[in-house]
K.L.:
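I'd like to ask you about the structure that follows.
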Amino acid sequence: ATEQDGLRGWEENPGKSIRIRQQSKILEEDFVVIVDMNEDRIKRWNSDELPIYEPGLMEVVKALLADGKQACRGKNLFFSTDVKKGIGVGKGRAADLRFIESVGRTIAQYANRSKIVIEKSTVPIKTAEAIARVLSANEAAAGGSKNFWILSNPEFLAEGTAMKDLDAPDRVLIGGQDQDAIQVLADVYANWVPRDRILTTNLWSSELSKLVANAMLAQRVSSINSISRLCERTGADVKEVARAIGTDSRIGPKFLNASVGFGGSCFQKDILNLVYICQQFGLEECAAYWQQVVDMNDYQKIAFTSKIIQSLFNTVTKKKIAVLGFAFKKDTGDVRETPALMVCDMLMKDGAIVHVYDPKVVIEDALTEFKYHDLEVNKNQLIFSKSPQEACDGAHAIVVVTEWDEFKTYDYKSLYDKMMKPAFLFDGRNMLDHAALVDIGFEVHALGKGQIKSSGGQSQIPDFVTRAGSGLLSGGYSP
Ligand code: UDX
């Protein structure tokens, strides 16, 4: 549907918006308008190339009925850049507008009656207070009498499983000062979420809970990653340790996969935000505690890449390295804060020619992320391949950075046959069958494991490799 087509139904029925009512049932005539000032993004939301990849998302946006009609986009779901109309008809979700304050001003400018304003993005604590002040100051200056109720309703969905998480959330959190406003939003969720999973809190608890949830999750990953390093030195196996501790119901099994490091747009940003808040209140020890979760993550990425360089006889200069996966996790094309960035950067700084294969990431997005981090890329050193075969052909090593399921299905024997020898494989997600790879002939390095033995019990890794410490490397990084 074109944007014009998409908006037709909305213009014809401007009064039939979701009303503030005691029992908010989602009615057939209700609809949602999503507004964003970014024209390009809205254009893509209205096309067959949605701006993000998420399993199940297209089906929901385009829900095609048996008769070929659309149930959602163009019928009761609209994407528009018309902020004025979006707010005017009774609702509007200014999607991720960067400057919260300007969103506040925009809402104040266009609201035609009292509104409930809901914070959905992760925002620094006390943002609601700032929005409330902007709204009431603007309203007073215009001599109006409209009310604005601010609610915090943080989003806990994870990328790659977003549609599932939205459909069946562990909990929905609504923070606010006004019980009636909270109730309106709680009633909307009650259409599909059991009441006992809808938690209500004060505004600040809600805002802080989002940061703390992410900080605690990231802390688990950093904790297990720190143990993976110890396992490599002691002969313990981090997978076995994770399983052993995860069966303690007080600890639980999730988020204990050792990795090359966590990425994504939330974890690091939220923890640094928490660190900043602690500092603001003079809580230096608390700030240092959470900072260490991020420091550990950087260390993990550096240590992983250092091991690659050391294993490849202390230099990767002019060597082709195949990197499998660039996204920060599987089932997404998102590269924000991906660990692949530092891995590739270190390899390139040491002179490697990096050939990346990722099922969803395009090189333009990768280059944008390098630029965002002020990292220069020599275009001859970073190549995005169309297939894993192309990436691995003539390579000295395979480096698994993202846990895409398809990486488990490759014919590693045929990849091995076309690689330089010795052929190395570094599994940054501990996801492949290591003994089988050793049987093929690979020298395999996994996370948090000592020497990898073949299925017949033979070690294929020369002693000097496993004994090599993690000394300083060139390129400005120190593990
Ligand atoms: C996270 C939170 O999970 C979600 O609730 C919040 O709303 C947004 O931030 P997301 O960033 O999409 O979601 O990804 P998540 O699944 O949490 O993974 C974050 C990173 O940690 C990824 O890079 C992932 O690969 C890594 N990770 C996760 C591990 O390295 N090991 C694990 O065991 C789990």
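Whatever order the structure lists them in is the order used to number ligands and atoms, beginning at 1.
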K.L.:
Could you walk me through whether Lys319 and Leu312 pass side chain to side chain contact (heavy atoms under 4.5 Å, CB included), step by step?
P.N.:
CA-CA 9 Å; Lys319 289 179 184 166; Leu312 271 77; 4.0 Å; yes
K.L.:
Could you please spell out the steps behind the ring-ring contact (aromatic ring centres under 6.0 Å, His included) verdict for Phe328 and Phe262?
P.N.:
CA-CA 7 Å; Phe328 83 97; Phe262 62 75; over 10 Å; no
K.L.:
Does Ser306 form a side chain to side chain contact (heavy atoms under 4.5 Å, CB included) with Met346? I'd like the steps, not just the answer.
P.N.:
CA-CA 8 Å; Ser306 304; Met346 273 180 77; 3.8 Å; yes
K.L.:
Set out, in order, the CA-CA distance, both residues' side-chain angles and the distance that settles side chain to side chain contact (heavy atoms under 4.5 Å, CB included) for Glu232 and Lys307, then state yes or no.
P.N.:
CA-CA 11 Å; Glu232 284 164 27; Lys307 195 174 178 193; 3.9 Å; yes
K.L.:
Residues around ligand 1, heavy atom under 4.0 Å from any ligand atom, sorted by chain and number. Can you pull those?
P.N.:
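The 4.0 Å shell around ligand 1 contains Glu155, Phe156, Leu157, Ala158, Glu159, Lys210, Asn214, Leu217, Val221, Phe255, Leu256, Asn257, Ser259, Phe262, Gly263, Cys266, Phe267, Phe328, Lys329, Arg429.
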K.L.:
Looking only at atom types and distance, does a side-chain atom of Asp427 sit under 3.5 Å from a main-chain N or O of Ala446, one as donor and one as acceptor?
P.N.:
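Not at all, since once roles are kept as given, no pair shorter than 3.5 Å links the two residues.
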K.L.:
Do other residues, nucleotides or ligands put more than 12 heavy atoms under 6.0 Å from Asp170 CG?
P.N.:
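12 or below, so no.
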